Amino acid sequence: MARKAAGRPQEETLSLWKREQALLKTLVVDRDTEAWQRDLAFSGLQRVGGVDVSFVKGDSVSACASLVVLSYPELEVMYEDCRMVSLTAPYVSGFLAFREVPFLVDAVQQLREKEPRLMPQVLFVDGNGVLHHRGFGVACHLGVLTDLPCIGVAKKLLQVDGLENNALHKEKIRLLKGGGDSFPLMGGSGTVLGMALKSHDHSTKPLYVSVGHKMSLEAAVRLTHGCCKFRIPEPVRQADIRSRDYIRRTLGVQGAPALRPERSKKAQRPKACPQGASEEPAVSCCVINCSVKSTWQRTEPTCPSPCEGAILEVHPPALAVI
DNA sequence: GCGACAG
DNA sequence: ATCTTGTCGC
């Protein structure tokens, strides 16, 4: 039952996606908007969130989208939400958000409705923020659509606007002394697009941190370091671990156990969070119309009637017409 | 054929 | 993202 991912989108679709990115980009706030962000100890910060999407192996459509909320500074999981989703849009570098973000927005909206007191004060996103081909990566996209402060955390350097993972870059990495050390990533225009951060003392590969929304780069880097027990910030790491686990549990019994000769060494899992009384459908209905899926469906061959003038609804009453 | 290629 | 085993180090 492994469905195949759609191929590369038509040029027209990419064109619409670019227009949408340009539009939403005007709504990005790249400075601190919250009091805790300016505090040296981040006092006032109590909840940090992380999101991730993991895939079913051999299937580029079936995936598990997860949102977790951790206490700060303890970094203990307070909330976990995993759900299976079907990703219709293909992955295209520079357009990651159009594939993954609708489901992440849904997860945030579910939390907003059911457990508003657990709403995270900042979200760590797997991927870039303004360090992007057009200055609007998935962390910006999710930030604008949810109106939450977001931090983009990528594991590899996106070589864009003159940035290169060349010998000089590697040398700068080598010179990072201890956890928390970083150096700026300057784009061709002289703008600092992000920071390469050594997330802890014994990490060779840095993290690439960039602004997503409603937070300065300085605060984003400092908080990222403050959330790293290991190389990957704990919120994203937990979202990743739990979404993979969810797929294993969901697909494990019926899957092909013979193919997995059991070589696990994982000890235990806490299991103390609202993991859904599960009356929920596999895919929740879209509460926030992020127009992403509609753009995709409207444009591709499968959809006979293209309709312009769709409306984009962003969280507070920020509206925009395509 | 070769380099890029967030996830 | 996922495909994949062992291995070196604390």
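Chain letters run A, B, ... following the sequence lines, proteins first, then strands; residues in each count from 1. Small disclaimer: the values here were computed from a predicted structure and weren't measured.
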Between [X] ([atom1]) and [N] ([atom2]), how many Å, whole number?
| X | N | atom1 | atom2 | result |
| --- | --- | --- | --- | --- |
| A/F103 | C/dA1 | CZ | P | 18 Å |
| A/D59 | C/dA1 | CG | C1' | 12 Å |
| A/L104 | B/dG7 | CG | P | 14 Å |
| A/R244 | C/dT2 | CZ | C1' | 8 Å |

Is A/R134 reaching over with its side chain to a backbone N or O of A/G94, donor-acceptor style, under 3.5 angstrom?
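Yes, A/R134 side chain to A/G94 backbone: donor-acceptor pair under 3.5 Å.
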If only atom types and distance count, is the side chain of A/E100 paired as donor or acceptor with the main-chain N or O of A/L96 below 3.5 Å?
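No, because the side chain of A/E100 does not come within donor-acceptor range (under 3.5 Å) of the backbone of A/L96.
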Of A/D30, A/T146, A/L148, A/V144, which is the lone residue that meets side chain to side chain contact (heavy atoms under 4.5 Å, CB included) with A/H213?
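Exactly one candidate clears the test, A/V144.
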Look for any protein N or O under 3.5 Å of an N or O in nucleotides 2-6 of chain B and output each such pair with its distance, or none.
| unit_1 | atom_1 | unit_2 | atom_2 | d |
| --- | --- | --- | --- | --- |
| B/dC5 | OP1 | A/Q159 | O | 3.2 |
| B/dC5 | OP2 | A/Q159 | NE2 | 2.8 |
| B/dA6 | OP2 | A/Y91 | OH | 3.0 |
| B/dA6 | O4' | A/N128 | ND2 | 3.3 |
| B/dA6 | N7 | A/G94 | N | 3.1 |
| B/dA6 | N6 | A/G94 | O | 3.2 |
| B/dA6 | N6 | A/F95 | N | 3.2 |
| B/dA6 | N6 | A/L96 | N | 3.2 |
| B/dA6 | N6 | A/H132 | NE2 | 3.2 |
| B/dA6 | N1 | A/V138 | N | 3.2 |
| B/dA6 | N3 | A/N128 | N | 3.1 |
| B/dA6 | N3 | A/N128 | ND2 | 3.4 |

Do we get A/R83 above A/Y246's six-membered ring, with its NZ or CZ under 6.0 Å from the centre and within 45° of the axis?
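No, A/R83 and A/Y246 do not form such a contact.
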Measure from NZ or CZ of A/R117 to the centre of the six-membered ring of A/Y79, then state whether that distance is under 6.0 Å and the direction lies within 45° of the axis.
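No - A/R117 does not lie over the ring of A/Y79 by the 6.0 Å and 45° rule.
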I need the minimum non-hydrogen distance between A/H132 and A/G129, along with the two atoms involved.
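Nearest pair, atom of A/H132 first, then A/G129: CB-O, 3.5 Å.
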Measure the spacing between CZ of A/R244 and CG of A/D240 and express it to the nearest 0.5 Å.
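Here the rounded value is 4.5 Å.
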Is A/D52 salt-bridged to A/R242, going by a charged N under 4.0 Å from an acidic O?
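Judged by the 4.0 Å cut-off on N to carboxylate O distance, A/D52 and A/R242 do not form a salt bridge.
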Please measure how far the C1' atom in B/dC5 lies from the corresponding atom in C/dT2, and state the result in whole Å.
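Between the two C1' atoms, the distance is 15 Å.
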Between protein and nucleic acid, restricted to nucleotides 8-10 of chain C and to nitrogen or oxygen atoms under 3.5 Å apart, what atom pairs and distances do you find?
none

